[in-house]
Amino acid sequence: MSLFVINYAFRNLFRHKRRSFLTVGTVSLSTLVTIVGFQYADAVLNVWKQGAIDHGAGHAQIHKNEYYLQPDVMSPATLMNDKNPLLDLISQDKEVLATAKRLIFEGIISFGKKTMYFQGRGIDIERETQVSPGLLGQELTSGQFIENPQAYEVTIGKGLAEALEVKVGDEVTLMTNTLSGAVNGIDVLVTGIIDFPVPAVSKRLLYMGIQAAQKALAAENTYTEVAVRLKTGVDAVRWLDELKLKDQVKEFQTLFDIRGWWEVEPMIRKVEEIWHSVMGIIIFLLFSTAGLSVLNIIYLLVAERIIEIGTLLSLGARSKVVLRLFSTEAMLIGVVGSLFGAFIANGVLFALSLIGVPFASPFGGGNLIIFPSPNFIFSLSVVVFGVFICFCASIFPSIKASKVPPIVAFRGQLT
């Protein structure tokens, strides 16, 4: 592309400054909204992902293969014991920060004349806080989280407490099946009430020390699942893929099932996919509007300069030169508009990364502060896409201008 074409196209942008400004502004606005909206949404999704990891999912979980097939979580087929070679192997991994055993059980909780169904988790408090640091960060409406893993103490969800009219310090009765199938009833002390943000979970939630739960269920030295926490900076997807390729792990795959957090909590990935689809539609509509604006202005430019086109063609200019003039002008609109929009967008994101944006936590514990940050690679891709859209919008009117006969152009006619 010659310097003449670029210089000519650039100077023509200033012939009608107001019109050029509006067209460039349309491209800039499309770029601005795309970059800020995408990065803000990405920051929210990252908070949600990290929240799921911090509040129980961990980076990965180990179960018996039958766990996802059996309707009853308390059965010999679904329980693991302390002789677990896969857990030993994972615990020795240099990229693993901590592991935590959990015993999942269910039953009936009674207080006074009221009875409710509950879903319980027997946890090792010390290890659980390493794997799920957000667990104790959830809002306790009263009391404190269970501390002694051997004591018959429980922390229950706010919804369950309200349904039973239970307060901290009350004694409730738990009725649950033991591992052998017998029914066992124990009295436990309510030490705390936790405000879990999901009502359906809050009405069923119960935490208990794992050793006390094992004793109550006659299931000593057994557990339902193991949550794995990786060290900061370790990519969970890469780690899990490499782990499954190890020969020692392959030997245990007939017994154990290890899944990443995105498989344990598939809803987050589905929401992410849906949101990216929605953002794709929004981006398409925004840049379609910008493309139509460019298409309109190039048509106007061709109509206004039709005599100039005839003069160029009569002086020996080739059709492709005329085509390049108008397509270059459209690309310049895309370059200026996209770069300006990207500059403003990254400035906004940089400011937000410093001050943060309040965001209601989906895991309880009040509001979180998210920090959307600039992403220069994504910004560059949006700029390139904006220029490409502008170029595509100019193709038809540019071709039309390049093919007009000089004699017709001198009459001031396009066709």
Side-chain angles (χ1 to χ4, degrees), residues 1 6 9-10 13-14 17-51 53 232-233 235-237 268-269 271-295 297-298 327-362 367-394:
M1 189 178 297
I6 297 175
F10 186 78
L13 287 178
F14 295 94
K17 296 180 180 178
R18 181 178 298 178
R19 189 168 61 194
S20 297
F21 175 79
L22 290 174
T23 309
V24 169
T26 303
V27 178
S28 297
L29 182 62
S30 300
T31 306
L32 171 64
V33 173
T34 297
I35 295 174
V36 173
F38 194 91
Q39 290 303 113
Y40 178 84
D42 195 52
V44 172
L45 287 170
N46 286 336
V47 167
W48 195 7
K49 292 176 189 176
Q50 193 60 46
I53 294 169
T232 303
D235 180 19
V237 176
I268 298 177
R269 277 291 173 91
V271 170
E272 184 178 25
E273 290 172 2
I274 292 170
W275 178 248
H276 284 165
S277 299
V278 171
M279 282 300 299
I281 294 172
I282 293 173
I283 291 170
F284 174 77
L285 293 176
L286 285 171
F287 279 101
S288 293
T289 303
L292 289 173
S293 298
V294 173
L295 177 66
I297 194 174
I298 297 300
S327 61
T328 302
E329 196 162 337
M331 291 176 66
L332 283 174
I333 291 173
V335 169
V336 174
S338 297
L339 286 176
F340 183 73
F343 178 78
I344 298 298
N346 282 282
V348 171
L349 289 171
F350 179 74
L352 293 178
S353 70
L354 296 178
I355 62 177
V357 181
F359 175 75
S361 170
N367 287 336
L368 297 173
I369 304 296
I370 63 171
F371 297 91
S373 57
N375 185 328
F376 297 108
I377 295 177
F378 176 70
S379 299
L380 181 60
S381 65
V382 174
V383 169
V384 172
F385 182 69
V387 175
F388 175 73
I389 291 294
C390 292
F391 170 74
C392 291
S394 71

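Residue indices begin at 1 and follow the sequence shown. Just so it is clear, the values below take in all heavy atoms, side chains as well, and ignore hydrogens, waters and symmetry mates.
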- Minimal heavy-atom distance between G386 and S338, with the atoms involved, is CA-OG, 3.7 Å

- Query: Which pair of non-hydrogen atoms, one from P372 and one from Q39, has the smallest distance, and what is that distance?
  - Reply: CB-O, 4.2 Å

- Item | F378: ring-ring contact (aromatic ring centres under 6.0 Å, His included) partners, not counting sequence neighbours | F38

- Considering all heavy atoms of both residues, which atom of G337 and which atom of S28 are nearest to each other, and what is their separation? O-OG, 2.8 Å

- Taken in chain and number order and not counting sequence neighbours, the residues that satisfy side-chain hydrogen bond (donor to acceptor under 3.5 Å, both in side chains) with E272 are K49

- Atom CG in L29, atom CG in L22: separation rounded to 0.5 Å? 12.0 Å

- Rounding to 0.5 Å, atoms CZ (F21) and CD1 (I333) come to a distance of 13.5 Å

- Could you list the residues that satisfy side-chain contact (heavy atoms from CB on, under 4.5 Å) with S379, not counting sequence neighbours? I35, N346

- Query: Does a side-chain heavy-atom distance below 4.5 Å link T31 with F385?
  - Reply: no

- Query: Shortest non-hydrogen contact from L349 to P374?
  - Reply: CB-N, 3.9 Å

- Task: Taking atom CD1 of I355 as the centre, report whether more than 12 heavy atoms of other residues, nucleotides or ligands fall under 6.0 Å from it.
- Result: yes

- Item | Residues forming a side-chain contact (heavy atoms from CB on, under 4.5 Å) with V271, sequence neighbours excluded | L45, W48, M267

- Query: Excluding sequence neighbours, so at least two apart, what forms side-chain contact (heavy atoms from CB on, under 4.5 Å) with I344?
  - Reply: L32, F340, V348

Side chains of residues 283-291: which donor-acceptor partners sit under 3.5 Å, not counting sequence neighbours?
unit_1 : atom_1 : unit_2 : atom_2 : d
S288   : OG     : F284   : O      : 2.6
T289   : OG1    : L285   : O      : 3.0

- Note on the structure: Across all chains, not counting sequence neighbours, the side-chain hydrogen bond (donor to acceptor under 3.5 Å, both in side chains) partners of N375 are none

- Message: Quick check for you: to the nearest 0.5 Å, what is the distance between I53 atom CD1 and Q50 atom CD?
- Response: 4.5 Å

- Only counting residues at least two apart or in another chain, list the ones meeting side-chain contact (heavy atoms from CB on, under 4.5 Å) with F391. S327, M331, S394, I395

